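Only a predicted model underlies this, so the values are computations on that prediction, with no experimental measurement involved.
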Amino acid sequence: MRIISCCTRLHAPTTRISLFRHNHHHKLTPSSTRCFSHSDCSVSRHQMEQLDLSANTVIDHPRALTDKTTLIRDAGPSKFQVIADFDGTLTRYRVNGVRGMSSHGILQQGNADYDAKREALYEHYHPLEFSPVIPLEEKTKLMEEWWSKTHNLLVEGGLTYDAIKQSVADSSIAFRDGVVELFEFLEDKEIPVLIFSAGLADVIEEVLRQKLHRTFKNVKIVSNRMVFDDDGLLVSFKGKLIHVLNKNEHALDMAALLHDNLGVDNGGEGEENAYVKQRTNVLLLGDHMGDLRMSDGLNYDTRISIGFLNDNVEKSLESYRKAFDIVYLNDAPMWGALEIASQLFPTEES
């Protein structure tokens with residue numbers, strides 16, 4: 001409770017989650033009935049009443065945030081894109097009071113021996129990922145080892161796509177409240193969303209299908225992708241290995257593919273990259289300090305960064321509040337990010 005009262009004081013200059021003091025902005029209030037897309041409004045009154053995030057919001061430099069907001073709004077939605085981490089950012093850190101599963105952690109091969117081998121790799125490498133004494137270059141090599149060994153075990157153990165579907169169905173992974181509404185709003189505005197993950201693209205896509213029960217034409221998964229044979233058996237992985245320390249390096253190459261989903265005919269590869277480079281304003285969502293690097297390959301002009309500090313709040317708050325423009329504490333919902341997007345590009349009420 002001590003950290004909550006501290007953050008309430010830090011957030012005192014604002015009310016509710018209305019982050020910017022401009023009278024012409026649309027602001028969410030419990031009495032609001034405005035929808036965020038042209039579809040039927042899916043935000044219930046109960047959900048709207050949960051939008052008061054003030055006790056769990058930290059903004060260290062509100063004036064700088066206001067300035068960034070003005071720059072992005074003036075440039076318009078055609079210059080804007082969203083980059084989001086998946087595990088612990090779009091998904092809840094805790095589900096029903098216990099630690100939620102990751103997209104890697106939910107996967108069961110249907111082969112107990114190989115599941116145990118992958119768990120052993122996790123027990124060995126996971127502490128090394130967060131070790132403060134291992135130099136970055138050495139840690140990067142260790143992460144490459146971990147991911148490569150894990151992928152090899154998935155192939156050797158005979159993973160099938162049916163096993164992926166069953167793993168997701170049996171899992172406790174869940175999205176934060178407000179994720180669907182955020183995606184709907186961005187889709188309506190034709191704003192690209194890049195989901196960056198060091199996990200498995202095929203698993204994440206299955207999570208989206210089963211847990212959200214729909215797809216979004218503007219969403220692209222930037223993650224490790226599997227190759228299955230005609231019988232649905234995993235035979236290999238394609239593309240570059242993406243692990244927790246190098247996913248930013250793939251930003252531009254992967255983002256260029258979004259033009260297909262958005263119906264933009266740009267011709268050759270050079271023109272595809274030019275299309276991506278035009279979107280030089282970014283809203284970045286992450287739950288680790290390393291997620292701030294996801295936008296490095298895009299050469300952005302203006303970026304608003306949102307950090308979800310899910311655990312160890314007292315220990316990590318100081319570094320998070322200095323690094324991110326906005327920090328949401330204690331596994332907060334996605335409503336704050338949705339309001340930011342709606343303030344950047346308001347939809348007029350009919």
S102 side chain to D87 side chain, donor-acceptor N/O pair below 3.5 angstrom = no
Do the side-chain N and O atoms of E206 and Y161 include a donor-acceptor pair separated by under 3.5 angstrom?
-> yes
Distance (rounded to the nearest 0.5 Å) between [X] [atom1] and [Y] [atom2]:
X    : Y    : atom1 : atom2 : result
L121 : E123 : CG    : CD    : 10.5 Å
I83  : R279 : CD1   : CZ    : 12.0 Å
R303 : L284 : CZ    : CG    : 5.5 Å
I195 : M294 : CD1   : CE    : 10.5 Å

F175 six-ring face occupied by R92 cation (under 6.0 Å, within 45°) = no
Axial cation check for F216 ring with R214, 6.0 Å and 45° limits = yes
Test your reading of the model: is there a side-chain donor-acceptor pair from [X] to the backbone of [Y], 3.5 Å cut-off?
X    : Y    : result
K79  : I72  : no
H213 : Q210 : yes
T160 : G232 : no

Is K141 salt-bridged to E145, cutoff N-O under 4.0 Å?
-> no
Same cluster for Y122 and Y93 if Ile/Leu/Val/Met/Phe/Trp/Tyr side chains link at under 4.5 Å?
-> no
Is it possible for you to say whether I164 and L233 belong to one hydrophobic cluster, with membership spreading through side-chain heavy-atom contacts below 4.5 Å?
-> no
